[in-house]
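One structure is given here, and the rest of the page talks about it.
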Number of protein chains: 2
Amino acid sequence: MILSTQRNQSGSKRKENEALIITAAEKIFADMGYAGATMQQIADAAGLPKANLHYYFPTKEILYRNVIDKIFNLWLEAADIFDAAEGPKDGLSSYIDAKLESSRHFPNGSKVWANEVIQGAPIIQDYLESKLTAWTHSKAEIIEMWIAKGLMDPINPKTLLYFIWSATQHYADFQHQIRTLNNNSDLTEAQWREVKEDIKKLVLKGLGVKQVSECPTISDE
Amino acid sequence: MILSTQRNQSGSKRKENEALIITAAEKIFADMGYAGATMQQIADAAGLPKANLHYYFPTKEILYRNVIDKIFNLWLEAADIFDAAEGPKDGLSSYIDAKLESSRHFPNGSKVWANEVIQGAPIIQDYLESKLTAWTHSKAEIIEMWIAKGLMDPINPKTLLYFIWSATQHYADFQHQIRTLNNNSDLTEAQWREVKEDIKKLVLKGLGVKQVSECPTISDE
DNA sequence: GTCTATAGTCCGATAGAC
DNA sequence: GTCTATCGGACTATAGAC
């Protein structure tokens, strides 16, 4: 009993600190790159001494892999929408919405992923070859089914997926460039809404999918 | 006379070595990131002793800025097509072609740029604020003119530019991921042609621009 | 202009006290 | 489980011979 309680206490303390460190690491890795990030910077961002990081994550690389793991699982979840959809109009626009929301509110994960892939995925190649490959094939099948049913124009499904990934992740990865070109201000709520509508409209119309429900806003303006 | 000859000789030798070093640096910075790249790796890739790099480029940062400079000028050149175009059908499809060719044949420059912007442009912020801002505004004006003339649907010009940048640069920056999802093979000539056609078709149709000349290929297949 | 040898700095990781 | 102090290695940059 006592042991169990102790285990719970230390277990939750461990989980708490691990989550704290991973969140701090995500930001530092996004801002500095893997090699550029230092354990000291991550420790400062987490408000812990550097040695504690090594207590929870023995090496920098293991910490990094844990950050990637969190990012990748969020990515997979966002795509459940895809499977549940009735057709491309519903599925693609929900997926674009979800990806843009993720770019807006959690840009750091996307940045870490992009940095890693640009450099040839030296550390997370196994993710690409196992999980991402399987995921991509399953989504490609759905797109092919939609095409076969005549719900949208024919297109290489991977080209379409890359298209959506790049258009949406751009708003996370190139956040700084977009901000600079927007008079050094973050996009406003209205600008985000406009981006979402523009991208969905362009993709759905470009694919020959019938337009999103013809009255987009609820009421005013 | 003699002095002038000597100056030419040493001048061309200097230019030669500088170009050699910049090309090597571009690859190493793309593969390793700024912090991850070492002067030793760049020296090895250029086939020179490390001290010679410091002779031509006093510091790592100065070398890096020279790499960025080359990349950015190529980017600007690729966009001259834009200004010369009659309308969106011509201008956008030429621009997409040019950007995809650049992604295919010179991916390293795009990767270095992406890495830098993801990390908040710590070193080349002045480029974003001066050159890129001016460039973007001039292209946005052209797009707005096309819209005003009724040649394409209304869209925020910046959203359209980001769209094209992301879709095309994705094939450079995420080259490794695309290769992995393509059975660990680079895209073939035929696959590149398909990607180009798919992207142009999607963008032009999505924007309500009249379709690309209705018989795309010259002959066979 | 070229190259070797090294100075000086910073970082990942750990030992060991609490 | 927490933290300080430090080791050992790697890197940028330079001094100085050729």
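So that the names make sense, note that chain A is the first sequence line, chain B the second, and so on, each numbered from 1.
Using a cut-off of 4.0 Å between Lys/Arg side-chain N and Asp/Glu carboxylate O, B:R65 and B:D126 are scored as salt-bridged. The residues B:K200 and B:D97 are annotated as salt-bridged, a charged nitrogen and a carboxylate oxygen being separated by less than 4.0 angstrom. Here A:K111 does not pair with A:E26 in a salt bridge; the nearest charged N to carboxylate O distance is not below 4.0 Å. Under a 4.0 Å N-O distance rule, the pair B:R193/B:E197 does not qualify as a salt bridge.
Per the geometry, OH belonging to A:Y34 stands 14 Å off P belonging to C:dC11, to the nearest Å. Between A:N52 atom CG and C:dT14 atom P there is a gap of 15 Å when expressed in whole angstrom units.
Contacts of B:A37 with the nucleic acid, taken as non-hydrogen atoms under 4.0 Å apart, involve only primed sugar atoms and P, OP1 or OP2.
Residue pairs meeting the side chain to side chain donor-acceptor pair (under 3.5 Å) criterion with at least one partner in residues 38-55 of chain A, sequence neighbours excluded, are A:T38-A:Q41, A:Q40-A:D44. Applying the side chain to side chain donor-acceptor pair (under 3.5 Å) test to every pair with at least one member in residues 132-146 of chain A, sequence neighbours left out, gives these pairs: A:D83-A:K139. The side chain to side chain donor-acceptor pair (under 3.5 Å) contacts involving residues 156-168 of chain A comprise A:Y95-A:W165, A:N156-B:E194, where partners must be two or more places apart or lie in separate chains.
DNA chain D lies under 4.0 Å from no heavy atom of any residue of residues 17-31 of chain B. For the contact set between residues 53-64 of chain A and DNA chain C, defined by any heavy atom under 4.0 Å, the members are A:H54, A:T59, A:K60. For the segment residues 38-50 of chain A, residues with any heavy atom less than 4.0 angstrom from an atom of DNA chain C are, sorted by number, A:T38, A:M39, A:K50.
Taken from CD1 in B:I199 to CD1 in B:I96, the straight-line distance is 7.0 Å, to the nearest 0.5 Å.
The residue from B:F29, B:Y64, B:F106, B:W75 that alone fulfils the ring-ring contact (aromatic ring centres under 6.0 Å, His included) condition with B:W113 is B:W75.
A:K60 forms a cation-pi arrangement with A:Y34, by the criterion of a distance under 6.0 Å to the ring centre and an angle within 45° of the ring axis.
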